[in-house]
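Shown next, in structure tokens, is the structure this report addresses.
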Amino acid sequence: MAYFYPLPSSLPNLRFLHLKAMQDDKVSKVRVPHVLTVAGSDSGAGAGIQADLKACAARGVYCSTVITAVTAQNTVGVQGVNIVPEDFVAEQLRSILSDMPPNVVKTGMLPSTGIVKTLCQSLKEFPVQALVVDPVMVSTSGHTLAGPSILDSFREELLPMADIVTPNLKETSALLGGVPLETISDMRSAAKAIHDIGPRNVLVKGGDLPASLDAVDVFYDGNDFYEFRSSRIMTPNTHGTGCTLATTVAAELAKGSQMLSAVKVAKRYVEAALSYSKNIVIGGGRQGPMDHLLKLKSNVQRRPFDPCDLFLYAVTDSRMNKKWGRSIVDAVKAAIEGGASTIQLREKEVETSDFLEAAKACLKICRVHGVPLLINDRIDVALASDADGVHIGQSDMPAHFARALLGPEKIIGVSCKTPEQAQQAWIDGADYIGSGGVYPTNTKENNKTIGLDGLKTVCLSSKLPVVAIGGIGMSNAQAVMELGVPNLKGLLLCLLCLIGNVY
Ligand SMILES: Nc1ncnc2c1ncn2[C@@H]1O[C@H](COP(=O)(O)OP(=O)(O)O)[C@@H](O)[C@H]1O
Ligand SMILES: Cc1ncc(COP(=O)(O)O)c(N)n1
Ligand SMILES: [Mg+2]
């Protein structure tokens, strides 16, 4: 059943115009790689459909979904399974395959023979470039997701159609009637035996190989064996690794990779994701989900931008650090102890590698104290060190490019002397403005002084929070704050001025 919401007659039908332009070829069309996953939903979102969506998003591939079962599942185990009726699985398949053909189909939990048969029929009617079969049978927590009754339909119908099948050790054993698997040599023989059933390639996954320091998977293409080896990440967060591996293989195939390089990339991605998420805590059970987007850990550490952080904003100056014989790291530590609420590293004379090392060391200190660390001008150093953001001047990289490179969360400050520049900073997505020089300064050559009046004009012209810059010290700080404009949030002080006040 389709519903149509009529647009108000006063509005032009923009979608219609867009489609027409596309038909006229006025807008260039972009085909995106597309994987269809046919799998079960995992309410805990570590495995199944949810893992597949996240893996495809992380790998830059569109993912559509046909849901075969809904599971009630968490980090403790599987509390319930509700199988989607076979004819509704068929309807979902028809919806996708008839309208938005995927490059690759990947299968996960297929809980009944009827569903396996329906899928095979659909794939015969709507052939795709590749079929990746992850023969999910038992969850890592030990709950049956697809019983032994499906084994015959796997062997007789689905596997012979597959370009690759990716069983774990238990599934490998089940497909071969219960053979024991204890060594890599056993995995090789099993890969060959499964290949004889009909799939073009076999990847026997060794995540659960007992007494193995490495995580070793065995790949067999009918001619040669390959071992994919990675160090074993010591983490409880391995729920969903199998789904993620198979979906990433599918995603790489959809982009146009050959099978062997698709498997290689997938194995590396799973290892990287496990390593990123090895210490995250979600749920109280024995096996947690992994973090597909490699983001959770750093997001927890980073506080969102708070304009009050601009209050005592300390900036380093390498020449002064040299003169005082202090390292940047020591100076930053002392400034935080002296009350700095934001630190900016402004190092114009150091080598890039030294700057990066200093930024990483300062970031550790800043994170401990909850103080944001910004990098002056050098977007590359900010990205490489994972600093909280950048401060850029009018002749540095325009703020909208910086925003595109740094993403939506990082802090961007822009130096502005005029209302026009302040307006542009807002349009470009800056988080705050640095405005000055309020007083003459010798840390910046040829820098025009705008005075308290200039500062006030910039503040009044913008909604962005402002930090006053230039020649500010303990003697004149009060005069600046007494301007009394609500968005003037703080003062930028030379870092040594702040330390000098403490020592
Ligand atoms: N602790 C780990 N460290 C590194 N890689 C792992 C770890 N556990 C599993 N893997 C890898 O994750 C993928 C999925 O393997 P496995 O856990 O055996 O499958 P499943 O999740 O289907 O049971 C494989 O490439 C395996 O080598
Ligand atoms: C819906 C669904 N599909 C697949 C798995 C297997 O994942 P794992 O072996 O990591 O438990 C799962 N637990 N739930
Ligand atoms: Mg696993």
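First listed ligand is number 1; within each ligand, the first listed atom is number 1. Note: hydrogens, waters and symmetry copies are ignored here, and every other heavy atom, side chains too, is used. Only a predicted model underlies this, so the values are computations on that prediction, with no experimental measurement involved.
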*Under 3.5 Å between some N or O of ligand 1 and some N or O of K205?*
yes
*In ligand 2, which numbered atoms sit nearer than 4.0 Å to a non-hydrogen atom of S41?*
1 (C)
_Element-labelled atoms of ligand 2 that are located less than 4.0 Å from some non-hydrogen atom of S139_ = 11 (O), 13 (N)
*Counting both backbone and side chain atoms, is some N or O of T238 under 3.5 Å from an N or O of ligand 1?*
no
*Based purely on interatomic distance, does T71 place a nitrogen or oxygen under 3.5 Å from a nitrogen or oxygen of ligand 2?*
no
_Enumerated ligand 2 atoms positioned under 4.0 Å from heavy atoms of V136_ = 4 (C)
*asked:* Regarding ligand 2, does Q73 bring an N or O atom to under 3.5 Å of one of the ligand's N or O atoms?
replied: yes
*asked:* Working to the nearest 0.5 angstrom, can you tell me the gap between F88 CZ and S95 OG?
replied: 7.5 Å
*If you measure from each non-hydrogen atom of K267 to ligand 1, which part falls under 4.0 Å: side chain, backbone, both or neither?*
side chain
_For the residue pair H34 / S64, report whether a side-chain donor-acceptor contact shorter than 3.5 Å exists._
yes
*Select the closest option to atom 5 (C) of ligand 2 among L145, V78, T68, T241, judged by heavy-atom distance.*
L145
*Classify the ring geometry between Y220 and F225 as parallel (under 30°), tilted (30 to 60°) or perpendicular (over 60°).*
parallel
*asked:* Exactly one of T166, D134, D52 should register a side chain to side chain donor-acceptor pair (under 3.5 Å) with K106. Which one does?
replied: D52
*Under 3.5 Å donor-acceptor, D309 side chain and T342 backbone*: no
*Can you list the atoms of ligand 2 that are under 4.0 Å from a heavy atom of G40?*
1 (C)
*Counting heavy atoms only, name the option from A266, S230, G207 that's nearest to atom 8 (N) of ligand 1.*
G207
*Assess C243 for proximity to ligand 2: is some non-hydrogen atom of it under 4.0 Å away?*
yes
_Under 3.5 Å between any N/O of L274 and any N/O of ligand 1: does that happen in this structure?_
no
*Check whether the side chains of T352 and R378 place a donor and an acceptor atom closer than 3.5 Å, and report yes or no.*
yes
*Is there a donor in the side chain of H391 and an acceptor in the side chain of Y432, or the other way round, less than 3.5 Å apart?*
yes
*Which bit of I233 is near ligand 1, meaning a heavy atom under 4.0 Å away: side chain, backbone, both or neither?*
both
*Go through the side-chain N and O atoms of N74 and Q79 and say whether any donor and acceptor fall under 3.5 Å apart.*
yes
_At under 4.0 Å between heavy atoms, is it the side chain or the backbone of D217 that contacts ligand 1, or both, or neither?_
side chain
*How about D42 and Q50: does a side-chain donor come under 3.5 Å of a side-chain acceptor?*
no
*Compute the shortest N/O to N/O distance between D134 and ligand 1 and return yes if it is under 3.5 Å, no if not.*
no
_Is S231 close enough to touch ligand 1? Criterion: a residue heavy atom under 4.0 Å from a ligand atom._
yes
*Is the closest N or O pair between G240 and ligand 2 shorter than 3.5 Å?*
yes
*Taking atom types as modelled, is there a side-chain donor on S112 or E86 under 3.5 Å from an acceptor on the other?*
no
*Provide the number and element of each atom of ligand 2 under 4.0 Å from a heavy atom of H239.*
8 (P), 10 (O), 11 (O), 13 (N)
*asked:* Side chains of E347 and T316: any donor to acceptor distance under 3.5 Å?
replied: yes
